[in-house]
Colleague: 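Input: one structure, supplied below.
So that the names make sense, note that chain A is the first sequence line, chain B the second, and so on, each numbered from 1.
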Amino acid sequence: MLITKKRGIVWVVAMGVVLLCSAAGRALDQSDAPESVTIGLLEELYEPVEFDHAGHTEMAECSDCHHHTAGTVTQRWNCKKCHTNPLEGDTVSCADCHSPNRFDSQYLATLDNPELYHVEKPGLKGAYHLNCVGCHQEQGGPTGCEDCHAMTEAGEQRFNAGRYSPAP
Amino acid sequence: MHNNNHQKGLVNLILLIQITIAVGLMLFGFIFQAEWAEKFMIGVGMIKPMHTQVDYYTYIKGIEYLLCFYYFLIFPVFFMFINNKKAAAKKPVRSLQMVTAIEVDKIKQ
Amino acid sequence: MKLFASEKQEIPISDHFKPDGSRWTLKEKLLLGLSFDDYRKQLVRNPLNWLILIIFAIGVPIIVERFVFGLGSVTHGSNDYPWGLFLAFGLFGMVPLSASGFMLGTTVELFGRKDFHPIERLALLNGLLGYFFAVIYLQVDLGMPWRLPYPMVVSLGPAAVLFLVAWHVATYLSVQIAEVLPSFFEWIGWLKGKRMIRSMVLCLTIAGIILSTLHQGALGALFTYPAGKLHPLWMSANFLWIQFLCSAVFGGLSMLIIVSTLSKWFLAWRCDNQFLDSLDKLTLGLAKGAAFAMITYLGIKFMAIAHDKEWVYLFTGWGQYYLLELTIGVVIPMMLFAFAVRNGNAQMARVAAFISVFGVLWNRINTALIGFNWHMYQEIPHWKEVAITITIFTLYLATYRFILYRLPILYAWKGEK
Amino acid sequence: MKNKIINRRSFIKGGFGGTAATVLSLKSARAAGDFDHYPDSMGVIVDLNRCVGCRSCEAACNKEQGLPEPEKPFNDYSVFDAHESGGHGGAGRRTDETRYTVVNKYELPEIDHPLYRKSQCNHCLEPACLTSCFVNAYTKTPEGAVIYNADVCVGCRTCMIACPFYIPTFKYSSAFSPRIMKCIFCYDTRLKEGRPPACVEACPQEALTFGKRVDLLEIGRKRIRQNPGGYVNHIYGENEAGGTAWMYLSPVDFGEAGFDVHVPHEPVINFVRDFLSIVPMVLVIWPALFAGFHLLANRKEQNKHHHIDGGEE
């Protein structure tokens, strides 16, 4: 299983850091950003990822990742069509918009709403990876799974890797 | 009559056909008036909403082959009935003129 | 056997009674009236038997291997070519060559052409054995051969073409057994059984036509499933079934010419004069039928191309191969048949029959193996697959010979009928 | 579903008045396109632009379906490069009895990064395997999965012949319990309960999007519209083989990404319908036709003997 009950708890911790920052001062700038964020979304198969947030703020604009919630105009042409207001959102947490349960029947039922425009908004895992891997590919960052994620024993079992490698 | 047996057979056959038709009609009327019959038919799959052409074909082909099976039972009987030379040999072949002549005779009388 | 037949008057057995008036026992009939030692001697003397023995010695262990270790051990276990030689040759090839049963049954019993009577029983037997061994081939190929009756009793899928093949082959096999039984009844001397079958002969014949039409056609219709996988020249959603049926007509007739020729060459001691004397004339009769079927076949082959507008494919390599198949497999034997009939040359008809049977087999293998997956690659069967195919075919020939030696197929029973 | 039952009910209530209408509606339902298919059928759309070839889906499928241990670990990416030994025609990896899904890599000159393509059963709306199965071992469920029942399967492998996507595979290695091996959309363990299949859940890139098929088509069209340079204007599976529950988006022509672009757009059953309609005709017409031929051909003889041939006569 990829998404566990524990995942929720880890997430509260991880997002707490981000939320605290946003509560402290409405005007977000790079100095308010957390040093690092622990992301444990895939913690069953992989060890949690220590995301070097501060390091990444030196390489990218806030809006590159926090599209239209960080108080700067979004860079994405498609989003710009509607999201012209550069005001920051109440939250910059990915999880507040991107559901970790993207394919749950409850979530899928919300797609039936005919007024909903964002029918293909990725789930949380997709949002992370599409954002991170996409940029890493362009900028030459690491793109291998295990470059960021260290496998747990369960992960090795799942992938028949490490100790669970098939006999040659 | 000289071929009593044959005539009897014919009468029986006609009777049988009439009974079949009557029972069939009754059944037909009964089924199409009754709610339970519909439920029964849905239950056994006779009335089933078909969503795919594949299911539809499975269903209609099943019915077709069943009908063909019954046809194979009926056809030889029908063939033997028509082609019964014993019966035909005992009756003179009557031409149209002969039949008309008989009728004319009857009317004259 | 030829030798013994020339030595002893009462051999070959064609009557219930020995010259001294006592009845042959069943055991004696089985041993062809020879003593056990004599029978063994004639077995050993015949080089063909040694060849059969060698083939069995190689093939039978491989068949055992298939049933113990699975299909993957004797075939390439290909997921792209799920059907190999067993079906391409054994089922799709043997069945059209066995159409002789229904053809001659129709000719003699339904149209009352009694002049074909001397060859009718051979045609029926050829049909029965062909189907029986097609089922054997199928059993070797089926993943779960013990579930053969499932489509009849356990779970029915009436929309499938194979459902028709299963039902029709099964019922037709029963019909053919019934059609061949009279010769068996004559041989064992149970005349009541024979009369019973005779009384149903029209019923059986018509059933034979219906079932043959449908399952010969159904075998062709099976190849409309891989509509996009089979080469367009061989694939025709509308015509493929009638092409298969039509080629089965001349395939069956040609096979009958071959079998009767072989009987005349190698089993002359077993044939009676009526068979031997009328054979040339009957061969030409069969040749005439085959020639008509072949020109019809050519017609519908090109109609199918016209119907699907596939002319452009004829100019590709595949098209040349296709035309080669038609030329060698159909046009040449058709012309030979035609000249044979015109000139009363039975030998020429026999040559044509050999080519024509090859043509039908070639067509089936082209459809099932070579033209199949033409976009991908060509499957070359595993040598063990070829070995099993040859072994079963040898078993077919041995069974064929075993029956021809004994039952009144090539000769008329002299005793009470 | 409701609609049709109500139709019947009004027909029943209406008696003979309704008959004509129902017969007409049934008749029109025979045309191929008129079957509505299961309205809430689920599906998956695979975006080749997003796939990074991590093989997480293969690993997840292997564990979910209890398939045998792979030859190489699932995080070993050398499988993409080495054409398998013994593979037929060197066509790359394909599904077989040990794996229901595989990812293949395509190096194409027009794009700067390799393209990966996942393949598995596409769960057709009019499944060819089901059409061709003479023991009804396959079922198309309302949820959209094409599932298989090994208990009735005879092992004839016609489904493998019929499948335009080369998906069903046979357990050739087994003599006593062979069966067809094929992706079943995780029907038993997940789809039935409304959960996505294991591969979808495992995909980090959300290259696999699970949802109602109708919604997925909308998503696919939207992606193409919003990124016209990034996709070819075609959703593979929208119409192929009569439509499939699993569909694909690709930045290059589908043929270059290993798809069979010759797959007819009609469902496979359309190709056998002609023959299937001939069968009952032959069954009903032949008896009288040939009995008639017999009577015509043997008239003389019958007059001579006046005997009864018995049997049918």
Colleague: For residues D:Pro142 and B:His51, determine if any side-chain heavy atom of one lies less than 4.5 Å from a side-chain heavy atom of the other.
Modeller: no
Colleague: Taking C-beta and beyond as the side chain, do D:Leu283 and B:Phe72 meet within less than 4.5 Å on heavy atoms?
Modeller: yes
Colleague: Sort D:Val279 into side chain, backbone, both or neither according to what part of it lies under 4.5 angstrom from a heavy atom of chain B.
Modeller: side chain
Colleague: Are B:Tyr71 and D:Pro287 close enough that some pair of their side-chain heavy atoms sits under 4.5 Å apart?
Modeller: yes
Colleague: Which atom pair, heavy atoms only, marks the closest approach of B:Tyr57 to D:Leu276?
Modeller: CD2-CD1, 4.0 Å
Colleague: May I ask you to test the B:Thr52-D:Leu125 pair for a side-chain heavy-atom distance under 4.5 Å?
Modeller: no
Colleague: Considering all heavy atoms of both residues, which atom of D:Glu126 and which atom of B:Val54 are nearest to each other, and what is their separation?
Modeller: OE1-N, 3.0 Å
Colleague: Which region of B:Phe78, side chain (C-beta onward) or backbone (N, CA, C, O), has a non-hydrogen atom less than 4.5 Å from a non-hydrogen atom of chain D, or is it both or neither?
Modeller: neither
Colleague: Looking only at atom types and distance, does a side-chain atom of B:Glu64 sit under 3.5 Å from a main-chain N or O of D:Pro280, one as donor and one as acceptor?
Modeller: no
